[in-house]
Amino acid sequence: MPIPPRRGRVRIAPVEGRFSDFASKHEQAMEEPDRFKLERMKKRDALREMGVDPYGGRVDGVMPCAEVRAAAEPLNIADGERSDLRARVAGRIALLRVMGKLAFLTIDDRTGRIQLGLSKQEIGDQWPMVRQLDLGDIISVEGVVGKTKTGELTVWASSVTVLTKALRPPPEKWHGLTDVELRYRQRYVDLFANPEVRDVFRQRSEIIQAVRQYLLDCGYLEVETPALQPIYGGAAARPFTTHHNTLNMDLFLRISPELYLKRLLVGGMERVFEVCRNFRNEGISTKHNPEFTMIELYEAYADYRVMMERVEGMFAAAIERAGILAAIERRRGELEETYQTKGTAESAAAAGGGDRPAHSAKAWAAEVRLKEHRACVELIRQGRMAVVFGHDVLDFTPPWRRARYADLLREYNDIEMSDHAAVLAKAESLEIPTKLKDGSPVDHDVLVNAIFEATVEYHLVQPTFVYDYPAAICPLTRRHPENPSIALRFEAFVAGMEIGNAYTELNDPQVQEENLRRQVAGEGDETMAVMDEDFITALEYGMPPAGGLGVGIDRMAMLLTNSKSIRDVILFPLQRRGG
RNA sequence: GGGGGUGUAGCUCAGUCGGUAGAGCAACGGCCUUUUAAGCCGUAGGUCUUGGGUUCGAGUCCCAACGCCCUCACCA
């Protein structure tokens, strides 16, 4: 099939003035349009020839689809009837059924979908326009709200406006976009093709907003500290490096905001938090993205016990204000429906004579998920803050379980944290290296923590605060007043995943300096902290005793939206070039 | 970095033992005023990720590269 000649620049970029050169240059650089694009460009041009701008502008008074539904509800419109309710709606064409002189389209907006009815008789002169519409175009219509014979709520258009002609076809209308790589690389397609993806990101936004509001209600101040730092610290991680040209100065992207937020405590900002993007130059996994979001907070005159309450409060606020429980009840209802309908009528037709009850693949998938959804909804109805995560039901109702680090270590390994011989033997049995490259022995507390990570963490499915950590792995934490080998630190675990980390902060500048110097010198590893003299200076002016806490927002969003991978709660996860 | 999986039409997927590359959706032409993933008739659409190799013949077997997923390692 011969490729039609390129269209002239005036046709391609009819906008006058400043953008036409730009568009034309890019048009030349673009790959040869495929047959889908050519067809759609033809329709775009046909629209222009009939005097219709295929890229319309502002539309006032648009009613979201969900509001149209809500407004129609009390009118009790009978099937086949129309109401007096007039509405203007706008959205992307998700389904398109044209039959001769009547067309039904389903458009999709941020609140849902609604059917539009366009008839030649009613829209008259505009009818030829309908033939130039495709799936994926963005339009608005104005008309009256009614119901079809089959009871489908429909906006019967009296006028149609083309807002955006799409030059590329959307993915398959039934399956949507499922190729994981394409979903991440072209998230914009994923978002409009898969409405449930939009729901996840709406919930993520509401979760962050809920947490923010909770902290504001607790008297916190939201602050912003540098992401570009001359010295990195506050965590043990490898940083990204960059360079400032004018200052001729190497800089690091922050791995943690901790040392800056503590300076604010010194400055008298007694309750501060930051919604903070951190950057760590490390591995990528279902639980790690090189850039990720934390909420870190510091509260003067508090300690790590208070921080436990903050974690509980943040989750409770998020679950309530982001509508998490209602979403799970809805999901359960959908699954029940899929299971009922696809598991009976459809499968009976397709069964053909198997021995066991036949179910369609969808019904089978629904059945598998129903078990935990039913259990979860049962808990919700008892007033619990329960969510479904994979095959687990997680109960976030405060108070969460509080378990001492040493007790858990004993429970799952039958060893005492302080018993070096036992720890060494256990580490060897787990094939944890007990010697450094230079042959010197690995620090006792480091071994203990390796054992803990390997043997305890994955057991911690229900929300659990693990507290009182071995001190050597906690250089920024205050020691236990009666046992200096213990640090007043907890980590919060859910579904085997660390989701929060808190300390009773160390505010003795001398001890802090010693800890940091030991860390910098001791490990001799590039991942270890760089000495931050100014941070010590700040502590010397006096930092109030305080509790500090960091919560991983991406992981929190994973838990509350039942997402297995961190990439499903990050809009544009890092991908390799290419693809 | 190790191990496992995967890559076929715009999208979702089949492709048996190595023997001319298939379906549904989308598209194009036609019919159609109550559809619900609309339907019916017809048409077109492919560098089977890339590069080597084995073979008379490779989507299929072998080797390598690249992307993606899972997993381990790394990672307070």
Side-chain angles (χ1 to χ4, degrees), chain A residues 1 33-40 42-43 79-80 94-106 113-122 127 134-136 146-154 156 166-186 189-190 193-194 234-238 255-256 258 280-288 290 292 431-433 445-446 449-450 452-454 457 466 469-470 472-477 487 489-491 498 500-503 519 523 525 527-529 550 552 564-565 567 573 575-579:
Chain A
M1 175 182 169
D34 65 21
R35 60 208 162 89
F36 295 96
K37 197 160 163 185
L38 288 169
E39 286 297 337
R40 284 165 179 259
K42 266 161 63 183
K43 290 177 178 174
D79 292 356
L95 300 170
L96 177 60
R97 301 176 287 280
V98 185
M99 45 204 104
K101 302 185 183 70
L102 177 70
F104 288 107
L105 341 190
T106 302
R113 292 179 168 190
I114 201 159
Q115 175 166 281
L116 311 181
L118 278 58
S119 82
K120 182 180 182 184
Q121 197 186 338
E122 288 176 73
W127 181 252
D134 285 302
L135 293 175
K147 276 189 182 167
T148 60
K149 280 191 224 167
T150 51
E152 180 77 20
L153 194 70
T154 301
W156 289 101
L167 296 184
R168 292 174 189 262
E172 217 249 11
K173 62 190 176 189
W174 186 241
H175 298 93
L177 188 68
T178 61
D179 183 300
V180 178
E181 183 179 352
L182 279 182
R183 287 187 46 222
Y184 296 150
R185 285 193 193 278
Q186 294 189 286
V189 178
D190 187 32
N194 302 323
R238 276 185 291 176
I255 57 172
S256 159
E258 174 151 356
R280 297 188 182 175
N281 204 340
E282 285 164 3
I284 297 177
S285 78
T286 45
K287 292 173 191 151
H288 300 81
F292 65 100
E431 295 179 4
I432 293 166
D445 284 356
V446 172
N449 203 44
F452 187 90
E453 286 177 2
E457 287 186 2
V466 178
Y469 270 64
I473 60 167
C474 313
L476 297 160
T477 313
R489 167 186 183 180
F490 75 78
E491 289 194 4
E498 182 202 336
N501 182 21
Y503 316 138
Q519 196 184 19
E523 314 301 304
D525 187 304
T527 67
M528 283 298 125
K564 299 186 297 291
S565 168
R567 292 177 212 106
Q575 299 281 101
R576 268 196 184 78
R577 234 195 309 268

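These numbers come from a predicted model, not from an experiment. In what follows, chains carry the letters A, B, and so on, assigned in the order in which the sequence lines appear, proteins first and then strands, with residues in each chain numbered from 1.
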Exercise. With stacking defined as ring centroids separated by under 5.5 Å and planes differing by under 30°, is A/Trp174 stacked against B/rA37?
Worked result: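 Yes; by the centre-distance and plane-angle rule, A/Trp174 counts as stacking on B/rA37.
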Exercise. Got a sec, which residues hit side chain to side chain contact (heavy atoms under 4.5 Å, CB included) with A/Lys173, two or more places apart in sequence or on another chain?
Worked result: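 Expected list: A/Leu95.
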For this session: Sequence neighbours left out, what passes side chain to side chain contact (heavy atoms under 4.5 Å, CB included) with A/Ala94? Give chain and number order.
Result: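 Once residues adjacent in sequence are excluded, the partners of A/Ala94 under the side chain to side chain contact (heavy atoms under 4.5 Å, CB included) criterion are A/Asp108, A/Arg113.
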Which residues pass the ring pair (Phe, Tyr, Trp, His ring centres under 6.0 Å) test with [X], not counting sequence neighbours?
| X | result |
| --- | --- |
| A/Phe104 | A/Trp156 |
| A/Tyr184 | none |
| A/Tyr503 | none |

For this session: Give A/Tyr184 one of three labels, base, sugar-phosphate or nothing, depending on what nucleic acid heavy atoms sit under 4.0 Å from its own.
Result: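 Sugar-phosphate, no base atom in range.
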Exercise. Which part of the nucleic acid, if any, lies within reach of A/Tyr503 when heavy atoms closer than 4.0 Å are counted: base, sugar-phosphate only, or nothing?
Worked result: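 If one applies the 4.0 Å heavy-atom cut-off, A/Tyr503 turns out to touch a base.
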For this session: May I ask you to evaluate whether A/Thr178 reaches the phosphate of B/rU12, defined as a side-chain N or O under 4.0 Å from OP1 or OP2?
Result: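 For B/rU12, OP1/OP2 do have a side-chain N/O of A/Thr178 under 4.0 Å.
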Hey, what are the protein-to-nucleotides 3-8 of chain B N/O distances that come in under 3.5 Å?
none

Donor-acceptor pair present, [X] side chain and [N] base, under 3.5 Å:
| X | N | answer |
| --- | --- | --- |
| A/Ser119 | B/rU33 | no |
| A/Glu172 | B/rG24 | yes |
| A/Arg168 | B/rG10 | no |

Problem set entry | C1' spacing across the pair B/rG59 / B/rU6, given as an integer number of angstrom |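 Roughly 14 Å separates the two C1' atoms.
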Problem set entry | Involving RNA chain B, stems made of at least three consecutive Watson-Crick or G-U pairs, both distances under 3.5 Å |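 Detected stem regions: B:1-7 with B:66-72, B:10-13 with B:22-25, B:27-31 with B:39-43, B:49-53 with B:61-65.
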For this session: Mind checking side-chain hydrogen bond (donor to acceptor under 3.5 Å, both in side chains) for A/Asn449 and listing every partner two or more places apart, or none if nothing turns up?
Result: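 For A/Asn449, the residues satisfying side-chain hydrogen bond (donor to acceptor under 3.5 Å, both in side chains) (neighbours in sequence not counted) are A/Tyr405, A/Glu453.
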Exercise. Residues two or more places apart in sequence or in another chain: which of them pass salt bridge (Lys or Arg N to Asp or Glu O under 4.0 Å) with A/Asp445?
Worked result: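 Applying salt bridge (Lys or Arg N to Asp or Glu O under 4.0 Å) to A/Asp445 gives none.
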